[in-house]
Amino acid sequence: MSGNGASSSSLNMISGEDVVNNNLTALVVDDSPLLRLLHDIHLKKYGLKVQVAENGKVAVDLFHLGASFDLVLMDKEMPVMNGVEATKELRAMGVTSLIVGVTSKDGPGEQQAFMEAGLDYCFEKPLTPEIISFLLEELNKHNNKD
């Protein structure tokens, strides 16, 4: 796991009731239908409204069309446009959403380029309920700064 000094020991476990927010939105970007479904189910358990995209280009196009999301879960390796390219483009567009990279490759070198693209955090997939709880807590902090 990478990002803003986070480590597995710093994951503060909070209950689902503490983070349920029916106003939060998430975009799950992954070329794997199974992982899109898994992350969709986990996020909906916490009350988020979820949309899915099968690659980075679809995600970028959604933002170009005026969509906005509080949280973006971005896979690294995808066809058409990968997560690194999509994250760079979203940040260049001024997108301030919490963008979280998810990758099947956990090596520091793999994550570094992804983080440098503009991620807030990067985790190995699939995300666990504990990591999602942590991210929702961070999202609440992120939204309270605005």
Rounded distance [0.5 Å steps], [atom1] in [X] versus [atom2] in [Y]:
{"X": "S104", "Y": "K76", "atom1": "OG", "atom2": "NZ", "answer": "9.0 Å"}
{"X": "L127", "Y": "S133", "atom1": "CG", "atom2": "OG", "answer": "11.0 Å"}
{"X": "Y121", "Y": "Q111", "atom1": "OH", "atom2": "CD", "answer": "13.5 Å"}
{"X": "L71", "Y": "H39", "atom1": "CG", "atom2": "NE2", "answer": "10.5 Å"}
{"X": "E116", "Y": "L119", "atom1": "CD", "atom2": "CG", "answer": "10.5 Å"}
{"X": "N140", "Y": "L98", "atom1": "CG", "atom2": "CG", "answer": "10.5 Å"}

Handout entry: Under 3.5 Å donor-acceptor, R91 side chain and G118 backbone
Key =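 Yes, the answer is positive, given that a donor and an acceptor are paired below the 3.5 Å cut-off.
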[X] to [Y] - nearest heavy-atom pair and separation:
{"X": "L43", "Y": "A26", "answer": "CD1-CB, 3.8 Å"}
{"X": "V29", "Y": "A59", "answer": "CG2-CB, 3.7 Å"}
{"X": "G56", "Y": "A86", "answer": "CA-CB, 3.6 Å"}
{"X": "V58", "Y": "A53", "answer": "CG1-CB, 3.6 Å"}
{"X": "P79", "Y": "N55", "answer": "O-CB, 3.3 Å"}
{"X": "G83", "Y": "M78", "answer": "N-CE, 3.6 Å"}

Problem - All ring pair (Phe, Tyr, Trp, His ring centres under 6.0 Å) counterparts of F114, not counting sequence neighbours - result: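 By the ring pair (Phe, Tyr, Trp, His ring centres under 6.0 Å) rule, F114 matches no residue at all.
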Practice task
Give every residue pair that meets the ring pair (Phe, Tyr, Trp, His ring centres under 6.0 Å) criterion with at least one member in residues 69-94, sequence neighbours excluded.
Solution key: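 Applying ring pair (Phe, Tyr, Trp, His ring centres under 6.0 Å) to every pair that reaches into residues 69-94, excluding sequence neighbours, yields F63-F69.
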Practice task
Could you list all the ring pair (Phe, Tyr, Trp, His ring centres under 6.0 Å) pairs where at least one residue sits in residues 80-102, not counting sequence neighbours?
Solution key: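 Pairs touching residues 80-102 that pass the test: none.
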Taking the side chain as every heavy atom from C-beta outward, state whether [X] and [Y] have any pair of such atoms under 4.5 Å apart.
{"X": "V80", "Y": "E54", "result": "no"}
{"X": "D120", "Y": "E138", "result": "no"}
{"X": "V100", "Y": "I131", "result": "no"}
{"X": "V72", "Y": "V95", "result": "no"}

Taking only residues two or more places apart in sequence or in another chain, which ones pass side chain to side chain donor-acceptor pair (under 3.5 Å) with [X]?
{"X": "N82", "result": "none"}
{"X": "T128", "result": "E130"}
{"X": "E85", "result": "none"}
{"X": "S97", "result": "none"}

Problem - Residue list, salt bridge (Lys or Arg N to Asp or Glu O under 4.0 Å) with K125, at least two apart or on another chain - result: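 K125 satisfies salt bridge (Lys or Arg N to Asp or Glu O under 4.0 Å) with D30, D75 only.
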Handout entry: K44: salt bridge (Lys or Arg N to Asp or Glu O under 4.0 Å) partners, not counting sequence neighbours
Key =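 Listed in chain order: D40.
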Exercise for the section: Please write out which residues are connected to L37 in a hydrophobic cluster, directly or through intermediates, given that two of Ile, Leu, Val, Met, Phe, Trp, Tyr count as joined at side-chain heavy-atom separations below 4.5 angstrom. Expected result: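 Answer for L37: I41.
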Exercise for the section: Give me the other members of the hydrophobic cluster that L35 sits in, counting Ile, Leu, Val, Met, Phe, Trp and Tyr linked by side-chain heavy atoms under 4.5 Å, directly or via other members. Expected result: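 Noted: L35 shares its cluster with L38.
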Problem - salt bridge (Lys or Arg N to Asp or Glu O under 4.0 Å) contacts in which one or both residues fall within residues 64-74, not counting sequence neighbours - result: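 Checked against salt bridge (Lys or Arg N to Asp or Glu O under 4.0 Å) - neighbours excluded - no pair reaches residues 64-74.
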Practice task
Go through the steps to decide whether Y46 and L24 satisfy the test side chain to side chain contact (heavy atoms under 4.5 Å, CB included), and finish with yes or no.
Solution key: CA-CA 9 Å; Y46 289 98; L24 293 176; over 6 Å; no
Practice task
Please lay out, stage by stage, how V60 and K57 fare under the test side chain to side chain contact (heavy atoms under 4.5 Å, CB included).
Solution key: CA-CA 5 Å; V60 169; K57 183 177 181 337; 5.7 Å; no
Problem - M93 reachable from L27 in the ILVMFWY side-chain graph, under 4.5 Å edges - result: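 Cluster IDs for L27 and M93 match.
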